[in-house]
Number of protein chains: 2
Amino acid sequence: MADVSKGTVSKALNNKPGIGDETRQRILNIVEEMGYRPDSSAKALSNRKTSNIGLIIPHEAGQSLDNAYWPVLVSSITEEAAENGYNLMLFTPRREGALDEMYDSLISSNKTDGLIIGSELLDRKQIDLLEESDIPFILLGKHPEADHHFVDIDNAFAARSMTEYLLNRGYRKIALLTGPGSYYYNRMRLDAYKEAMENRNLPVLHVEADEYDSPSVTRALDRIYSSGPRPDAIFAGAGGDFLYTILEKLRELPEAEQPEGICVFDDDRSLDFIGPGLTAVRQPVQELGRAAAKGILYLIENPELKQIRRIFKTTIIERGSCPVLPNKDNQI
Amino acid sequence: MADVSKGTVSKALNNKPGIGDETRQRILNIVEEMGYRPDSSAKALSNRKTSNIGLIIPHEAGQSLDNAYWPVLVSSITEEAAENGYNLMLFTPRREGALDEMYDSLISSNKTDGLIIGSELLDRKQIDLLEESDIPFILLGKHPEADHHFVDIDNAFAARSMTEYLLNRGYRKIALLTGPGSYYYNRMRLDAYKEAMENRNLPVLHVEADEYDSPSVTRALDRIYSSGPRPDAIFAGAGGDFLYTILEKLRELPEAEQPEGICVFDDDRSLDFIGPGLTAVRQPVQELGRAAAKGILYLIENPELKQIRRIFKTTIIERGSCPVLPNKDNQI
DNA sequence: TTGTACGCGTTATCAC
DNA sequence: GTGATAACGCGTACAA
């Protein structure tokens, strides 16, 4: 304290009224000179507000976060948060300990003011726990058993539009290869695909990988080829390692067994250079991240009941991997 | 307080001595029942320790963080931190405001106990500022003007070994395309490449993109082709968008101008599927992240002077994009 | 072994 | 407009 009391300093720093312009200026000058910054822990303790938001990305032990989806999401959330004076704390719990870690180190210890949570691996009990607590949170991806705030893409639309895209190009035996049905979005995508196929009385060729790891995906692909007709198109339900495993196995197949078309969920610039270019469903990940961040920031300041639900449309990025099939008489 | 005083509770929670086994158990039971957790802000204020570490990734405005490098780094750091009871705060300042944001919201406000900092865009002044403060930090990538704790890969080794790999396969006109020289690692890689080429009296074909964005990379590539001999191999100094821009431009070239070989810094599984597979320098990013996290955790508990410097070797992931040149008489 | 009192650095509430 | 004073919730000496 160069001249005044701490109460006054506090007012000066926070632009609070009840202080003379001249006094404020003098205080701010001194603060500037001595490079003083308020201690954030003390501030948090006093304000009951940390100015942190948490991003929780639960993931399987083997699954890596290095596909095109998470990095973009993380950076867009970080930026949106930063623009509003919030910092981002990142949590990547393994599936097994997800609950414990979340509950212990987050919910009741007030490390963050709000949470953005990847909902894929959450079960009902965990959501209950969260809702009982007073910490606001928003889900990344709608949860089947919870009616909570969320942002998501329109999974049904995405799968349907890609399926119909393939149908319009003459494909009839379209195989959908998804991750585990325990991930809700996989179920939604499957349903939409199924409906599109059944509407045209076409065979539903779906296999589900038990896990996202390489052996499971390989087994799933084997199942397609060991039962049922040879598919003329393969729709890969996820990018990253999931896709790469499929591509790897596919090129071990004899020429005659190769599907004529292939497409994938999750766009990425590298797909431009894979074969003739890989047609993909593009999720607006950046917008999703921004919306999630905006959502949680809003919830922090308005803990009212109104439900936030933002659903984004996807687009198809057309490349060369799904040529129009030559026998056009097949077409509808 | 169900029975005792708070002092006693504190001891029970922190496994401090000076308390009876029976009392401790009783307290812990009650704590468990009522789901009590210590408030982390209060704890931090009292302990002068937040149990947070910060990861600062400065980046250009246009540059995305979605290459193979950052995601892996972030998740490995997060995990290592979590295993030691620390949480990760992520900062991705744009170049322009880097200093301000760092200084204001981090260094003197005690939001984190330590910092891991991507050194690429740091200037001397910022490092001075950091060193004056009492917050421990470790650099991700050695800084040319600072002799501070760091973890890094052996950039010289990496560039040299890849250059020699190409030479051994018969390439003679090897063009190195790097990002801006203001990034120290680009200079180190260039020097090693240059040395390898000059040792054999071969022409140094190096161009530098002013920025990492697409127009700059395109201009750089043009410069290679407009001056000097047509390269027989192109060594791309970075993956992600940098690489993709190069690939994009390259395939617009007539067949006769195509380089026979191409390779790249930064490995990624998608490279398996680009053309015949793209040979790449693999950085042990996971290990790097772990080491950085371990390093900063060590520094937090031992603010001694001993300098931490960990340098990791890279490996070459050989794929099909650099075939041995047919005119073997070229070889050494 | 247990309880008490104080300090951490800030904001908020009041008298002045 | 300004300055004491009491919280905020926790550790931790030190006294009981």
Side-chain angles (χ1 to χ4, degrees), chain A residues 1-52 85-87 104-113 133-135 300-301, chain B residues 1-32 34-52 85-87 103-113 133-135 300-301:
Chain A
M1 293 164 238
D3 328 53
V4 295
S5 80
K6 37 185 199 173
T8 314
V9 175
S10 182
K11 281 171 199 153
L13 285 170
N14 299 311
N15 278 324
K16 287 274 162 72
I19 178 176
D21 274 353
E22 168 230 16
T23 320
R24 158 168 297 133
Q25 211 27 259
R26 199 182 23 153
I27 294 176
L28 291 181
N29 286 339
I30 295 175
V31 161
E32 179 69 20
E33 270 178 47
M34 59 184 289
Y36 166 87
R37 307 287 157 186
D39 179 281
S40 67
S41 300
K43 219 170 168 141
L45 178 59
S46 184
N47 283 334
R48 317 184 136 279
K49 179 170 190 322
T50 61
S51 289
N52 295 150
Y86 281 79
N87 292 129
D104 281 359
S105 73
L106 277 180
I107 302 185
S108 37
S109 62
N110 300 330
K111 269 185 173 312
T112 63
D113 298 332
S133 81
D134 51 355
I135 184 167
I300 289 172
E301 279 158 26
Chain B
M1 293 163 240
D3 328 51
V4 295
S5 82
K6 36 184 202 173
T8 313
V9 175
S10 182
K11 281 174 200 153
L13 286 170
N14 300 311
N15 278 324
K16 287 275 161 75
I19 179 177
D21 274 353
E22 168 230 17
T23 322
R24 158 169 297 134
Q25 211 28 260
R26 199 185 24 164
I27 295 177
L28 292 180
N29 285 341
I30 296 176
V31 160
E32 179 71 20
M34 59 184 289
Y36 166 86
R37 307 287 157 188
D39 179 280
S40 66
S41 301
K43 218 169 168 145
L45 179 59
S46 182
N47 285 333
R48 317 184 136 279
K49 178 169 191 322
T50 62
S51 289
N52 295 150
Y86 280 80
N87 292 129
Y103 195 68
D104 281 358
S105 74
L106 278 180
I107 302 185
S108 39
S109 63
N110 300 330
K111 269 185 173 312
T112 63
D113 298 334
S133 81
D134 49 355
I135 184 166
I300 289 173
E301 280 158 23

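Every chain is numbered from 1 and lettered A, B, ... according to where its sequence line falls, protein lines coming before strand lines.
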* Please check the phosphate of D:dT2 (OP1 and OP2 only) for any side-chain N or O of A:Ser5 closer than 4.0 Å. => no

* Asked: Should B:Thr8 be listed as having a side-chain N or O under 4.0 Å from OP1 or OP2 of C:dG3?
  -> yes

Please report the distance, rounded to the nearest Å, between [atom1] in [X] and [atom2] in [N].
X: A:Ile27; N: D:dG1; atom1: CD1; atom2: P; result: 13 Å
X: B:Arg24; N: C:dG3; atom1: CZ; atom2: P; result: 14 Å
X: A:Lys111; N: D:dC10; atom1: NZ; atom2: P; result: 13 Å

* To do: Please lay out, stage by stage, how B:Asn52 and B:Thr112 fare under the test side chain to side chain donor-acceptor pair (under 3.5 Å).
  => CA-CA 5 Å; B:Asn52 295 150; B:Thr112 63; over 6 Å; no

So, for [X] and [Y], which heavy atoms are closest and what is the spacing to 0.1 Å?
X: B:Lys11; Y: B:Arg24; result: O-NH2, 3.7 Å
X: A:Leu45; Y: B:Ala42; result: CD1-CB, 3.6 Å
X: B:Ser51; Y: B:Gly85; result: CB-O, 3.9 Å
X: A:Pro38; Y: A:Lys43; result: CG-NZ, 3.8 Å

All N/O pairs under 3.5 Å across the protein-nucleotides 6-10 of chain C interface:
| residue | atom | partner | partner atom | Å |
| --- | --- | --- | --- | --- |
| C:dG7 | N2 | B:Ser46 | OG | 3.4 |
| C:dC8 | O3' | B:Arg48 | NH2 | 2.7 |
| C:dG9 | OP1 | B:Arg48 | NH2 | 2.2 |
| C:dT10 | OP1 | A:Tyr36 | OH | 2.6 |
| C:dT10 | OP1 | A:Asp39 | N | 2.6 |
| C:dT10 | OP2 | A:Tyr36 | OH | 2.7 |
| C:dT10 | O5' | A:Tyr36 | OH | 3.4 |
| C:dT10 | O2 | A:Ser46 | OG | 3.1 |
| C:dT10 | O4 | A:Lys6 | NZ | 3.2 |

* So, B:Asn14 side chain and B:Lys16 main chain: donor-acceptor pair closer than 3.5 Å or not? -> no

* To do: Would you mind reading off the bend of the helix from C:dT1-D:dA16 to C:dC16-D:dG1 from its two end axes, five pairs each, to 10 degrees?
  => 50°

Please classify the nucleic acid contact of [X] as base, sugar-phosphate, or nothing, using heavy-atom distances under 4.0 Å.
X: B:Gly7; value: base
X: A:Lys16; value: sugar-phosphate
X: B:Thr23; value: sugar-phosphate

* **Distance (rounded to the nearest 0.5 Å) between A:Asp21 CG and A:Arg26 CZ** => 12.5 Å

* D:dG3 base to A:Lys11 side chain: any donor-acceptor pair below 3.5 Å? -> yes

* So do B:Gln25 and B:Leu28 actually touch side chain to side chain, heavy atoms under 4.5 Å? -> yes

* Asked: Strictly by modelled atom types, are B:Asn110 and A:Ser40 linked by a side-chain donor-acceptor pair under 3.5 Å?
  -> no

* **Residue met sooner reading DNA chain D from 5', once A:Asp21 and B:Leu13 are mapped to nucleotides** => A:Asp21

